[in-house]
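All remarks here apply to the structure that follows.
Treat the numbers as computed from the prediction; the structure is a model and nothing was measured.
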Amino acid sequence: MADLSQIVKAYDVRGVVPDQWDEPMAELFGAAFAQVTGASAIVVGHDMRPSSPGLSRAFARGAAALGVDVTEIGLCSTDELYFASGQLDLPGAMFTASHNPAQYNGIKLCRAGAAPVGQDTGLAEIRALVEGWLETGAPEPAATAGTITSRDVLADYAAHLRSLVDLTGIRPLKVAVDAGNGMGGHTVPTVLAGLPVDLVPMYFELDGTFPNHEANPLDPKNLVDLQAKVRETGADIGLAFDGDADRCFVVDERGEPVSPSAITALVAARELAKHPGGTIIHNLITSWSVPEVVAEQGGKAVRTRVGHSFIKQEMARSGAIFGGEHSAHYYFRDFWNADTGMLAALHVLAALGGQDGPLSGLVRQYDRYAASGEINSTVADQAGRAAAVRAAYEGADGATLDELDGLTVATADWWFNLRASNTEPLLRLNVEARDAETVARVRDEVLSIVRA
């Protein structure tokens with residue numbers, strides 16, 4: 001039996017190699033999703049990985065066998081699937097392993113209106129059903145099977161995004177885009193078509209074997225080609241999308257990466273200009289810059305745990321207009337509270353094209369502190385090492401500690417967060433301070449305890 005604990009994750013189902021995660025298993029998941037949501041119809045899409053079309057179609061068969069009508073939108077980005085879920089008001093399933101290597105695959109699931117499916121809102125039930133059926137056999141089919149039909153929503157998705165950000169009056173921009181052979185190669189040409197943009201495409205050929213580099217822009221080595229292309233072509237900006245194109249990373253005209261926290265602050269300022277006094281969500285690893293900019297713009301900043309399901313739940317609870325994470329996930333009330341890197345990219349293009357200066361100058365006001373980036377340490381005893389760090393800083397002069405998500409220690413001049421990975425024996429460290437020297441000092445102090 002496949003290890004379902006490795007298939008079912010906090011907010012999505014992904015990360016299992018195909019010999020564990022096969023089409024009969026996907027069919028059971030389709031049936032379970034249909035039963036748990038109680039929907040009469042669902043929408044299903046998939047990325048460009050070799051195993052995705054077969055897994056997606058098997059999932060559709062499983063749902064249809066229980067009488068559910070399935071709309072297949074075929075090749076799409078994850079945020080395009082969220083668009084379809086929101087626009088059609090249907091639960092959705094996206095077959096992708098996001099930024100993970102080629103041999104992986106899985107599912108991201110949502111309820112109607114792109115609402116999240118989390119461990120407490122459906123995943124545990126889905127897992128229990130599939131485990132039961134693996135022991136007893138597939139569920140009884142409905143008296144009347146559901147239909148499976150195809151629909152192309154790419155043009156509608158692009159039109160919706162462009163209705164949210166006005167780019168018609170921007171100055172001409174040269175924009176280098178690295179799709180990493182992922183779904184950005186499918187969506188970007190349609191979204192940017194007809195705009196005053198000179199597009200410099202990189203790796204737009206859909207290829208789930210990722211022949212050029214992994215489609216994971218969070219790893220600096222996967223930005224190197226884009227950085228070089230920006231410098232070589234004199235582009236005004238570089239954009240890098242991950243495999244399922246729901247996250248977007250930005251490179252300035254010098255080829256230097258722009259912090260996702262700076263992008264969060266920039267987009268927050270733009271959204272607050274449209275919705276004065278609105279609430280902005282940021283996770284606890286984003287920069288101090290984010291709540292500072294939100295306050296300066298008259299908004300309310302709300303700090304949350306890291307993760308898709310937490311952000312979406314808080315967006316819905318608070319009526320927030322926008323949310324951002326350090327990992328370059330950006331969430332919009334105008335996009336059913338779902339994350340879309342493409343919409344964030346349009347905001348950056350609009351801001352850049354609406355003034356005459358370079359991107360580096362534009363983002364300087366939103367990038368105010370030095371940061372370590374995320375540093376991973378492999379440890380056998382996550383809880384023990386985290387407790388040792390807590391003991392070292394508890395009672396330290398001027399330090400406050402909280403455990404909203406892992407351990408956060410903050411002073412007037414620096415903060416750090418130490419979190420355990422849910423899936424690997426890792427502790428993740430992020431440090432921010434008023435200068436790079438302090439970042440290095442705090443980083444080294446904490447790592448000396450973590451790695452002792």
Under 3.5 Å donor-acceptor, [X] side chain and [Y] backbone:
X: K312; Y: A114; result: yes
X: D252; Y: G255; result: yes
X: S56; Y: P53; result: no
X: S85; Y: R111; result: yes

Quick one: [atom1] on [X] to [atom2] on [Y], what's the gap to the nearest 0.5 Å?
X: H186; Y: C76; atom1: NE2; atom2: SG; result: 7.0 Å
X: D178; Y: D242; atom1: CG; atom2: CG; result: 11.5 Å
X: E403; Y: L284; atom1: CD; atom2: CG; result: 12.0 Å
X: Y331; Y: I280; atom1: OH; atom2: CD1; result: 14.0 Å
X: N216; Y: H99; atom1: CG; atom2: NE2; result: 5.0 Å
X: L343; Y: C248; atom1: CG; atom2: SG; result: 10.5 Å

Would L134 and M25 count as a side chain to side chain contact (heavy atoms under 4.5 Å, CB included) if you check the C-alpha gap in whole Å, the side-chain angles of each, and the deciding distance to 0.1 Å?
CA-CA 9 Å; L134 286 170; M25 180 78 77; 4.2 Å; yes
Are any of the side-chain nitrogens in [X] or [Y] under 4.0 Å away from the carboxylate oxygens of its partner?
X: K174; Y: D236; value: no
X: R303; Y: D402; value: yes
X: R231; Y: E256; value: yes
X: E72; Y: R57; value: yes

Scan side-chain atoms only and decide if [X] and [Y] contain a donor-acceptor pair under the 3.5 Å cut-off.
X: D339; Y: H329; answer: yes
X: R49; Y: N105; answer: no
X: D69; Y: T147; answer: yes
X: E374; Y: N430; answer: yes
X: N417; Y: T408; answer: yes
X: E314; Y: T304; answer: no
X: D166; Y: T168; answer: yes
X: H213; Y: D225; answer: no

Dump the intermediate steps for side chain to side chain contact (heavy atoms under 4.5 Å, CB included) on D246 and M342, then the final yes or no.
CA-CA 7 Å; D246 61 349; M342 190 71 73; over 6 Å; no
List the steps and the verdict of side chain to side chain contact (heavy atoms under 4.5 Å, CB included) for L55 and F95.
CA-CA 7 Å; L55 291 170; F95 278 78; 3.6 Å; yes
Which pair of non-hydrogen atoms, one from [X] and one from [Y], has the smallest distance, and what is that distance?
X: N181; Y: E205; result: ND2-O, 2.8 Å
X: D405; Y: V306; result: OD2-N, 2.8 Å
X: D244; Y: S98; result: OD1-OG, 3.3 Å
X: C110; Y: F33; result: O-CZ, 3.4 Å
X: T286; Y: S261; result: CA-OG, 3.4 Å
X: A420; Y: L427; result: CA-CD2, 3.8 Å

Would you call the rings of Y157 and F83 parallel, tilted or perpendicular, where under 30° means parallel and over 60° means perpendicular?
perpendicular
For the pair Y82 and H308, name the ring-plane relationship: parallel under 30°, tilted 30 to 60°, perpendicular over 60°.
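Rings of Y82 and H308: tilted, 30 to 60°.
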Out of F332, Y330, F322, which residue meets the ring-ring contact (aromatic ring centres under 6.0 Å, His included) rule with H347?
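Of the listed residues F332, Y330, F322, the ring-ring contact (aromatic ring centres under 6.0 Å, His included) partner of H347 is F332.
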Could you check, using the six-membered ring where one of them is a Trp, whether H282 and W288 have ring centers closer than 6.0 angstrom?
no
Using the salt bridge (Lys or Arg N to Asp or Glu O under 4.0 Å) rule, take R247 and D79 through it: C-alpha gap first, then chi angles, then the decisive distance, then the call.
CA-CA 9 Å; R247 288 189 297 158; D79 64 325; over 6 Å; no
Just do the side chain to side chain contact (heavy atoms under 4.5 Å, CB included) check on T279 and S318 with the steps written out, would you?
CA-CA 7 Å; T279 296; S318 65; 4.0 Å; yes
For R171, look at atom CZ and say whether over 12 heavy atoms of other residues, nucleotides or ligands are found less than 6.0 Å away.
yes
